[in-house]
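Values reported hereafter were calculated over all heavy atoms of this structure, with side chains retained and with hydrogens, waters and symmetry mates removed. Proteins come first, then strands; the chains are lettered A, B, ... in the order of their sequence lines, and each starts at number 1.
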There are 2 protein chains.
Amino acid sequence: MDGIDRALLAALQADATQAYADLGKAVGLSAGSAHERVRKLRERGVIRRTAVDVDPAAVDRGVLAFVMLQANVWMGDPPTRDALAAIPEIQEAHIIAGSASLLVKIRASTPEHLQGVLRRVFDVEGVTGTQTIVVLETFFERPLDISDPDAAG
Amino acid sequence: MDGIDRALLAALQADATQAYADLGKAVGLSAGSAHERVRKLRERGVIRRTAVDVDPAAVDRGVLAFVMLQANVWMGDPPTRDALAAIPEIQEAHIIAGSASLLVKIRASTPEHLQGVLRRVFDVEGVTGTQTIVVLETFFERPLDISDPDAAG
DNA sequence: TCTGAAAAAGCTGAGTT
DNA sequence: AACTCAGCTTTTTCAGA
């Protein structure tokens with residue numbers, strides 16, 4: 001994981017459709033070498049997958065909310081995970097430190113739809129309370145910063 | 001935006017590297033037709049980009065936190081947006097309803113690094129307080145659910 | 001709007017430095 | 001580890017239905 005690998009990852013986060021010849025040119029490598037490095041990054045799991053980024057509003061998921069869940073039992077186990085994963089509108093679920101137990105990110109079509117999702121979340125075993133944060137506007141959602149935190153700059 | 005488009009989007013979210021011939025087979029279309037539909041989805045902005053998904057831990061961004069920002073002025077304007085965008089560790093920034101003003105998602109390498117980022121966030125014009133939620137474990141982060149909310153099921 | 005096929009482009013492996 | 005080259009697959013275009 002040197003500077004070239006980081007540059008490749010940054011370029012592929014911006015546009016994974018570009019040709020290896022161009023990718024190589026951007027980092028000072030031949031197409032073959034760029035290809036070999038990317039292959040290894042995939043093999044090592046640094047690159048998990050290649051996917052399209054879909055505009056949520058275009059598929060009727062324009063309502064975004066974060067919900068903090070309070071619980072009366074430990075919720076860090078598979079049954080809780082599976083119960084949350086079974087709700088398709090939940091895009092992320094995290095165990096958190098602090099006064100709540102879990103934080104989930106939800107995308108719904110309308111406030112009414114969101115309400116229905118919240119009801120299902122509330123019915124998950126162990127949940128004793130929810131605090132919902134509705135997003136009014138998203139400033140930005142962008143790829144992970146790839147720069148080396150140890151490097152100067 | 002019919003069922004076939006939704007199926008294409010779901011398939012491309014799972015794996016955008018597959019050939020159009022396979023993609024077409026999966027949705028009952030020829031390679032040419034699948035290609036044409038995907039081209040239009042890109043053109044219309046439904047597909048915003050194609051990108052690799054990088055494992056944060058592999059690039060030394062294993063610490064995840066959500067931070068709610070209190071403010072004494074309206075923070076929904078470009079200067080605030082730009083000030084937050086200038087902090088590379090901030091992956092998402094949202095204007096929210098409720099007692100805080102903004103919610104940001106931060107990825108750092110260590111708790112010390114996170115602390116440094118929080119200091120920079122606190123220095124953003126208008127910020128009067130922060131509440132930090134540290135993630136202990138991520139259950140899942142997955143693509144947007146593409147199913148039609150109006151459809152039965 | 002889809003199909004099928006031809007032309008163009010890019011991927012990917014083998015051999016070499 | 002990276003480069004070059006060549007065969008092969010895939011993309012992308014286009015005429016026809």
A:His35 NE2 to C:dA9 P: how many Å, rounded?
20 Å

Can we say A:Glu36 and A:Arg39 salt-bridge, meaning some charged N sits less than 4.0 Å from an Asp/Glu carboxylate O?
yes

Take the protein atom OH of A:Tyr20 and the nucleotide atom C1' of D:dT10, then report the distance between them rounded to whole Å.
13 Å

Protein-nucleotide distance (A:Glu36, atom CD; C:dT17, atom C1'), rounded to Å
16 Å

Side-chain heavy atoms of B:Glu92 within contact of A:Thr138, under 4.5 Å
no

Measure CD1/B:Ile4 against C1'/C:dT1 and give the value in whole Å, please.
10 Å

How close or far is atom C1' of C:dC11 from atom CG of A:Leu12, stated in whole angstroms?
15 Å

Atom-pair distance (CG on B:Leu8; P on C:dT1), nearest Å
14 Å

Should A:Ile106 and A:Ile87 count as side-chain neighbours, where that means a heavy-atom distance under 4.5 Å?
no

What's the closest nucleotide to the side chain of A:Ser30 if the choices are C:dT1, D:dA1, D:dC3?
D:dC3

Do any side-chain nitrogens or oxygens of A:Ser33 fall under 4.0 Å of OP1 or OP2 in D:dC3?
yes

Please figure out whether A:Arg37 or B:Ala21 has its closest DNA chain D nucleotide nearer the 5' end.
A:Arg37

Regarding the side chain of B:Ala19, the nearest nucleotide among D:dT10, D:dA1, C:dC2 is D:dT10

Rounded off to whole Å, could you give me the CG-to-P distance for the B:Leu29 and D:dT11 pair?
15 Å

Could you check whether A:His94 and B:Phe140 have their ring centres less than 6.0 Å apart?
no

Taking CG from B:Leu23 and P from D:dT12, how many angstroms apart are they, rounded to a whole number?
12 Å

